[in-house]
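Shown next, in structure tokens, is the structure this report addresses.
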Amino acid sequence: MAQTPVSATNPTSPEEIIQVKNLTVGYGSNIVLKDLNFSVKRGEIFVILGGSGCGKSSLLKNMIGLYDPPTGAVLIEGKDIVTAEGAERQEILTRFGVMYQQGALFGSMTLLENVRLFLEEYTDLTPDEMSLISRCKLDLVGLLPFESFMPSEISGGMQKRAAIARAMALDPDILFLDEPSAGLDPITSAELDQTILSISRNLGITFVVVTHELPSIFSIADRVIMLDKETKGIIAEGKPQWLRDNSEIPLVRQFFNRDAHAPVATPESQTPSTAH
Amino acid sequence: MADIALPTNPDAADAVWHAAGNEASLTLSGHFNAHTLGNGLWTRTRTAQTSWLGDSGTGKGLTIDLAQVSYLDGAGIAFLIDLQHAQETAGGQLVIHNLDQRYAPLIAQYQPINNLFPVPDSDHHDTKSTLIRVGQATEATVEDARNQIVFIGKLASALGWAARNPRQVRWNDFINVAVEAGVAALPIISLVAFLIGVILAFQSAIGLKQFGAETFVANLVSLSIFRELGPLMTAILFAGRSSAAFAAEIGTMTVNNEVDALVTGGIDPIRFLVLPRLLAGLLVAPILSIFSDLIGIFAASLTMLAYQVPFVTFYEAVLKTIHVNDIMSGLTKSLLFGLIVAGVGCLRGMQTGTGAAAVGLSATRAVVTSLILIVMVDGIFAYISYKTGF
Ligand SMILES: Nc1ncnc2c1ncn2[C@@H]1O[C@H](COP(=O)(O)OP(=O)(O)OP(=O)(O)O)[C@@H](O)[C@H]1O
Ligand SMILES: [Mg+2]
């Protein structure tokens with residue numbers, strides 16, 4: 001495999017910013033996914049799909065180097081996060097931000113402090129400057145009025161949005177989001193999609209998103225992979241619209257067409273879904 | 001604008017400030033992010049702007065040229081917003097030239113920018129005067145005492161229920177807790193009891209030796225260990241280990257809404273969570289206390305070998321000094337201590353607020369409250385035995 005050295009700053013170069021090679025995901029003897037190979041291109045919004053419990057969150061955690069997988073490698077901007085150590089690992093870690101499925105906000109800090117923390121650790125800005133940057137991030141997710149609230153004082157959906165703001169604190173090259181719009185109302189969810197799209201298109205940030213929300217998938221995803229519990233692997237890869245209309249695999253079509261086929265009152269009235 | 005080559009170094013950014021009268025220009029170049037701005041660039045620029053604006057910025061116009069900017073991330077945009085805000089609050093104007101089209105929506109989404117600069121008193125955790133704080137603390141203490149009394153009532157009713165329905169008690173939980181709080185505590189209790197026995201014997205021996213009365217060390221030591229030190233020391237260790245553990249376990253369940261799930265499922269959390277722990281505490285504390293008594297006496301007897309007091313002499317003196325009353329007094333205290341430690345641990349766990357920090361707070365409060373109540377009960381007991389001879 002030719003590995004081109006990457007220039008971390010040019011957001012328009014189309015190289016593969018994340019490469020996953022022969023990755024096995026599992027907990028001890030419980031193998032969840034095996035032999036995964038895929039890559040994420042710089043600047044794209046890459047969506048991971050799959051049924052509940054098929055290992056999406058586990059895959060995400062392996063991609064960000066939380067676990068030491070039994071086999072395989074995850075290259076982020078060309079560097080293997082699994083084997084990297086010390087300063088090199090630290091360097092890779094500042095390249096991406098993560099929003100965990102449960103939010104994982106620091107419970108003893110206000111929302112503003114949660115967002116500020118990484119700026120305090122990694123930059124030499126003054127407190128006022130860091131606060132302004134953090135407020136901008138909270139504003140992006142619509143939580144500016146709640147900056148001095150504790151995580152326990154806001155709702156579950158708000159916690160998720162705050163976690164996204166925290167993940168963006170350092171304006172990383174890559175954002176990993178685990179079900180960002182689960183638990184949000186359709187309007188907030190659509191606004192979040194717009195924010196993601198805008199950040200991605202204008203700043204060239206790469207997104208790796210786990211989501212089940214069909215409208216969200218169709219509006220943001222450049223490319224999706226679909227994981228399967230039975231085969232413990234990737235069963236489909238491509239653009240969501242294309243997979244919905246052309247996939248040979250029933251499960252995949254079922255997934256994408258759920259809202260088209262569910263209320264089958266009159267089977268004759270079914271029309272091929274119109275592509276957006 | 002086209003004749004300038006874009007800087008290629010991602011780690012460099014520069015800002016050239018030029019002011020003449022009412023017009024100022026700022027030429028930015030390079031890659032703007034939290035790191036490049038953090039080298040004092042942001043602060044320097046703002047300082048220059050502030051001193052130029054002076055007392056009144058009316059009629060002053062700032063022109064920012066972004067032609068040589070290769071990249072602006074969120075921090076860079078925040079920087080521009082900061083400049084814009086300073087300009088607007090002073091009454092001046094700001095013009096931005098050569099802004100790359102892709103950044104326009106990112107800046108536009110923050111308008112109006114005033115929201116990003118809160119007035120200082122908007123803090124929602126506001127500060128209160130000392131008088132109000134004292135008043136609230138008093139109210140909280142009274143409320144806490146009331147809660148403890150209510151909780152004692154609930155515990156009594158749960159114990160009564162357990163006596164009537166012994167088959168419905170969760171004995172498996174009881175055994176697990178008893179093993180964790182009891183058996184697992186044996187090493188630390190042995191260690192501390194042994195050391196206390198040795199120290200007590202040495203200290204007494206030093207004093208009594210002056211009168212040639214080393215043989216009476218046994219009487220002195222055994223009485224203090226059985227009546228006072230054994231139960232008290234065990235209770236303190238028990239509080240440190242198990243009260244905190246109970247509070248943290250139940251506290252975590254409270255934070256995760258597990259306790260709510262029990263309640264809405266029609267299961268009384270007192271019976272389900274508290275009762276097994278309470279019964280385990282009642283069983284384990286006296287046993288641990290007796291165990292520590294024995295270790296302490298043994299350690300003292302070993303120590304007295306150094307003063308040529310043989311085992312047999314020592315134990316005979318112990319048996320002569322200690323009456324059933326002394327042992328019962330110690331055991332009764334241990335029983336109460338066990339009740340306090342387990343009860344308080346569970347109470348604090350159930351009172352846990354929200355968030356991870358609340359669990360830590362509950363564990364701390366459990367230990368502190370347990371220790372206070374243990375000392376209080378011990379004092380009351382000392383008074384009673386002084387009056388009644390029990
Ligand atoms: N910490 C863990 N220890 C052991 N096994 C785990 C752990 N976390 C997850 N698993 C197992 O890994 C599998 C995948 O879990 P994962 O959380 O990755 O699913 P998911 O695809 O994210 O599901 P969902 O859509 O419900 O979030 C599950 O079968 C689960 O039992
Ligand atoms: Mg998951």
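Just so it is clear, the model here is predicted, and its values are computed rather than measured. All chains are named by letter (A, B, ...) in the order of the sequence lines, taking the proteins before the strands, and each is independently numbered beginning at 1.
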Salt bridge (charged side-chain N to carboxylate O under 4.0 Å, His left out): pairs with one or both residues in [range], sequence neighbours excluded:
range	result
residues 243-263 of chain B	B/E249-B/R277
residues 348-365 of chain B	B/D144-B/R348
residues 31-43 of chain B	none

**Message:** To the closest 0.5 Å, what do you measure between NE2 (B/H35) and CG (B/L41)?
**Reply:**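 Those atoms lie 14.0 Å apart.
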
**Prompt:** What is the minimum heavy-atom distance between B/A247 and B/A366, and which atoms define it?
**Reply:**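 Of all heavy-atom pairs spanning B/A247 and B/A366, the closest is CB-CB, 3.6 Å.
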
**Prompt:** Relative to A/F106, does A/R166 satisfy both conditions: NZ or CZ under 6.0 angstrom from the six-membered ring centre, and within 45 degrees of the ring's axis?
**Reply:**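 Yes, cation above the ring, under 6.0 Å and within 45°.
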
**Contacting moiety of B/L72, where chain A heavy atoms sit under 4.5 Å** =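 Only the backbone of B/L72 comes within 4.5 Å of chain A.
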
**Message:** Counting only non-hydrogen atoms closer than 4.5 Å, does B/A357 touch chain A with its backbone (N, CA, C, O), its side chain (CB onward), both, or neither?
**Reply:**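 Side chain only.
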
For the interface with chain B, which of [options] has the highest count of heavy-atom pairs at distances below 4.5 Å?
options	result
A/D171, A/I133, A/D139	A/D171
A/S198, A/S152, A/G107	A/S152
A/I199, A/D128, A/L138, A/L140	A/L140

**Salt bridge flag under 4.0 Å for residues A/R223 and A/E44** =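 Between A/E44 and A/R223 there is a salt bridge, with a charged N closer than 4.0 Å to a carboxylate O.
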
**Asked** Below 4.0 angstrom, N of the basic side chain to O of the carboxylate: do A/R135 and A/E147 qualify?
**Response**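 So A/R135 pairs with A/E147 through a salt bridge.
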
**Residues of residues 79-90 of chain B near chain A, each having a heavy atom less than 4.5 Å away** =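 If one takes a 4.5 Å heavy-atom cut-off, the residues of residues 79-90 of chain B near chain A are B/I81, B/D82.
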
**Prompt:** Would you find more than 12 non-hydrogen atoms of other residues, nucleotides or ligands less than 6.0 Å from B/E139 atom CD?
**Reply:**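 At most 12 heavy atoms, drawn from other residues, nucleotides or ligands, come within 6.0 Å of this atom.
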
**Asked** Heavy-atom distance under 4.5 Å to chain B: side chain of A/Y122, backbone, both or neither?
**Response**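 Both backbone and side chain.
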
